[in-house]
Protein chains: 2
Amino acid sequence: MSEQPTDTPRNEDFLRLDHQICFALNAASRAFGGVYRVALKDLGLTYPQYLVMLVLWEDGTTPVKQLGTRLRLDSGTLSPLLKRLEAAGLIRRERSTEDERSVHAVLTEAGTALRARAAEVPRRIAAATGCDLAEIRDLQTRLHRLTAALDTAAAQV
Amino acid sequence: MSEQPTDTPRNEDFLRLDHQICFALNAASRAFGGVYRVALKDLGLTYPQYLVMLVLWEDGTTPVKQLGTRLRLDSGTLSPLLKRLEAAGLIRRERSTEDERSVHAVLTEAGTALRARAAEVPRRIAAATGCDLAEIRDLQTRLHRLTAALDTAAAQV
DNA sequence: CACAATTAAGTTGTGCACAACTCAATCGCT
DNA sequence: AGCGATTGAGTTGTGCACAACTTAATTGTG
């Protein structure tokens, strides 16, 4: 009978907003959005666009499919986003010659050059969190575990 | 591209995708979205709509302004969302008599009744996370601290 | 009292997230 | 080889997030 020592595990209690982990997560994610919006304004990037650029700077030319895997996004989100990056002159989209279904995102000169200007962004963000590196790393580990668990659960439905 | 001479901490390292706490957070938040989408489908609610209902079930009739404070959302998000909840017959919007600028969200019969059916949602979500209560609570504390720090930093810009 | 400043909702426009769908290229199997 | 199934992008439609703006009600101050 001592499964949940101090908590009354009634459904009622679980419905309280401030008990919802998802809300804390969602709020934190949007708070990050606000800080990034400021930090990325000079670069002319939104936060999801910045994520795509991170992958390209790190891995170079990348198929859309792989961007999706890496960023957990589907073509419905990526297609228009990549068009905007292309319109901004940061990438080109090139259809693969080996597999004509596949499209590769390729950095342009301007896209490659932007990396230098983006270099200071992470430090500014880190400063805004007010957390030390260990705290951040720990949080990341927990979040990865959580995401994996949630994806598994969703897939089982 | 061969201009990294030292092994001292470089901005370069901070640019790696898997070092970005914001990405882990964003991914976890969207993973939650997927699980909620399934759990809330029967209720005909989206996740943000569910959050509004949580506040109303907890606090009763609530001004739009206060919903915004509670959920960290502005009128640009809430106005159309509340219209959809009203169209679904779950709430009414009533202009305050004391202050005619203010609009209150009021639960209808159907909106109140929905609470019983929502009662099992949190348990299903908790199960999907695979975390115990202590882990969740700890994560929440960290996220609140993080959100507060980010909001402060954003306000200072 | 008068009236400028503030406040609460709502509107408009842009971009992201995702479901559901189409279409063409490729794969797998007989 | 033939052909149905699968795969990768893209499109369409809905809803959320948020900036920038409008409108109307209220407040504060001279």
Side-chain angles (χ1 to χ4, degrees), chain A residues 22-23 26-38 40-41 44-52 62-88 91 93-105 151 154 157, chain B residues 22-23 26-38 40-41 44-52 62-88 91 93-105 151 154 157:
Chain A
C22 55
F23 175 62
N26 185 301
S29 181
R30 285 186 290 124
F32 257 120
V35 175
Y36 272 102
R37 215 179 317 283
V38 176
L40 294 174
K41 196 172 183 183
L45 294 175
T46 65
Y47 172 63
Q49 288 167 7
Y50 171 70
L51 291 182
V52 169
T62 306
V64 173
K65 173 69 179 175
Q66 197 175 319
L67 283 173
T69 308
R70 204 77 200 276
L71 299 176
R72 211 186 172 287
L73 293 171
D74 68 3
S75 67
T77 301
L78 283 173
S79 286
L81 189 156
L82 294 173
K83 275 191 186 174
R84 282 187 282 270
L85 285 180
E86 187 170 42
I91 67 166
R93 290 181 303 150
E94 295 182 354
R95 198 157 284 273
S96 166
T97 47
E98 316 96 64
D99 185 342
E100 301 237 340
R101 290 170 304 181
S102 179
V103 169
H104 296 300
D151 279 343
V157 177
Chain B
C22 55
F23 175 63
N26 185 299
S29 180
R30 285 187 290 124
F32 256 120
V35 176
Y36 271 101
R37 214 180 317 282
V38 176
L40 294 174
K41 196 173 183 182
L45 293 175
T46 65
Y47 172 64
Q49 288 167 8
Y50 170 72
L51 291 181
V52 168
T62 306
V64 173
K65 172 70 178 174
Q66 197 175 319
L67 284 173
T69 307
R70 205 76 202 278
L71 300 176
R72 209 186 174 288
L73 293 170
D74 67 5
S75 68
T77 301
L78 283 172
S79 287
L81 189 156
L82 293 173
K83 275 191 186 173
R84 283 186 283 268
L85 285 179
E86 188 170 42
I91 68 166
R93 290 181 304 151
E94 294 181 354
R95 198 157 284 275
S96 167
T97 48
E98 316 96 61
D99 185 343
E100 301 235 338
R101 291 170 305 180
S102 178
V103 169
H104 296 299
D151 279 343
V157 177

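These values consider heavy atoms only, across backbone and side chains, with no hydrogens, waters or symmetry-generated copies.
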Note to self: Would you say that Leu45(A) contacts Tyr36(A) through its side chain, given a criterion of any heavy-atom pair below 4.5 Å between the two side chains?
What the structure shows: no
Margin query: If you assign Gly76(A) and Arg37(A) each to the DNA chain D nucleotide with the nearest heavy atom, which residue ends up on the more 5' nucleotide?
Written below: Gly76(A)
Check: Ile91(B) and Ala105(B): which non-hydrogen atoms are nearest, and at how many Å?
Finding: CD1-CB, 4.4 Å
Next item on the list: Quick one: pull up CG in Leu82(A) and CG in Leu67(A) and give me the separation to the nearest 0.5 Å.
Entry: 6.0 Å
Margin query: Rounding to an integer number of Å, can you tell me how far Leu78(A) CG sits from dA9(D) P?
Written below: 9 Å
Item checked: Separation of dT26(C) C1' from Glu98(A) CD (nearest whole Å) -> 13 Å
Next item on the list: Let me know the distance between CD of Gln49(B) and C1' of dG15(D), rounded to the nearest Å.
Entry: 8 Å
Item checked: Any donor-acceptor pair under 3.5 Å from Asp74(A) side chain to Thr77(A) backbone -> yes
Next item on the list: Return the nearest nucleotide to the side chain of Asp99(B); candidates are dC18(C), dT26(D), dG8(D).
Entry: dT26(D)
Notebook entry, point to check: Which nucleotide in the set dC18(C), dC18(D), dT7(C) lies at the smallest distance from any side-chain heavy atom of Arg101(B)?
Noted result: dT7(C)
Notebook entry, point to check: Can you name the closest pair of heavy atoms from Tyr47(A) and Leu40(A) and give their distance?
Noted result: CA-CD1, 3.8 Å
Checklist line | Separation of atom CG in Leu45(B) from atom P in dT14(D), rounded to whole Å | finding: 18 Å
Next item on the list: May I ask you to evaluate whether Arg93(A) reaches the phosphate of dG10(D), defined as a side-chain N or O under 4.0 Å from OP1 or OP2?
Entry: yes
Check: Contact class for Leu73(B) vs. all strands (heavy atom < 4.0 Å): base, sugar-phosphate, or nothing?
Finding: sugar-phosphate
Next item on the list: Starting at atom CZ of Arg72(B), determine the distance to atom C1' of dA19(D), rounded to an integer number of angstrom.
Entry: 14 Å
Notebook entry, point to check: Mapping Lys41(B) and Pro48(A) onto DNA chain C by nearest heavy atom, which one lands closer to the 5' end?
Noted result: Pro48(A)
Notebook entry, point to check: Between dA9(C), dG10(D), dA25(C), which nucleotide has the shortest distance from any of its atoms to the side chain of Ser79(B)?
Noted result: dA9(C)
Next item on the list: Identify whether any heavy atom of Gln66(A) sits under 4.0 Å from a base atom; if not, whether one sits that close to sugar-phosphate; answer base, sugar-phosphate or nothing.
Entry: nothing
Notebook entry, point to check: Looking only at side-chain N and O atoms, does Lys83(B) come under 4.0 Å of OP1 or OP2 in dT14(D)?
Noted result: no
Notebook entry, point to check: Tell me: NZ of Lys65(A) to C1' of dC27(C), nearest whole Å?
Noted result: 15 Å
Item checked: DNA chain D: 5'-proximal contact among Pro80(A) and Thr46(B) (nearest heavy atom) -> Pro80(A)
Notebook entry, point to check: Has Arg95(A) got a side-chain N or O lying under 4.0 Å from the OP1 or OP2 atom of dA24(C)?
Noted result: no
Next item on the list: Take the protein atom CG of Leu67(A) and the nucleotide atom P of dG10(D), then report the distance between them rounded to whole Å.
Entry: 11 Å
Next item on the list: Please work out if Leu81(B) contacts a base, only the sugar-phosphate, or nothing of the nucleic acid, heavy-atom cut-off 4.0 Å.
Entry: sugar-phosphate
Check: According to a strict under-4.0 Å criterion, is Ser102(A) in side-chain N/O contact with OP1 or OP2 of dA9(D)?
Finding: yes
Note to self: Does Ser75(B) contact dG10(C) through a side-chain donor or acceptor facing the base, at a distance under 3.5 Å?
What the structure shows: yes
Note to self: Side chain of Asp74(B) only, heavy atoms from C-beta on: which candidate in dG15(C), dG10(C), dC18(D) is closest?
What the structure shows: dC18(D)
Margin query: Do the side chains of Glu86(A) and Arg93(A) get close enough for a salt bridge, i.e. N-O under 4.0 angstrom?
Written below: yes
Check: dG10(C) P sits how many Å from His104(B) NE2, rounded?
Finding: 12 Å
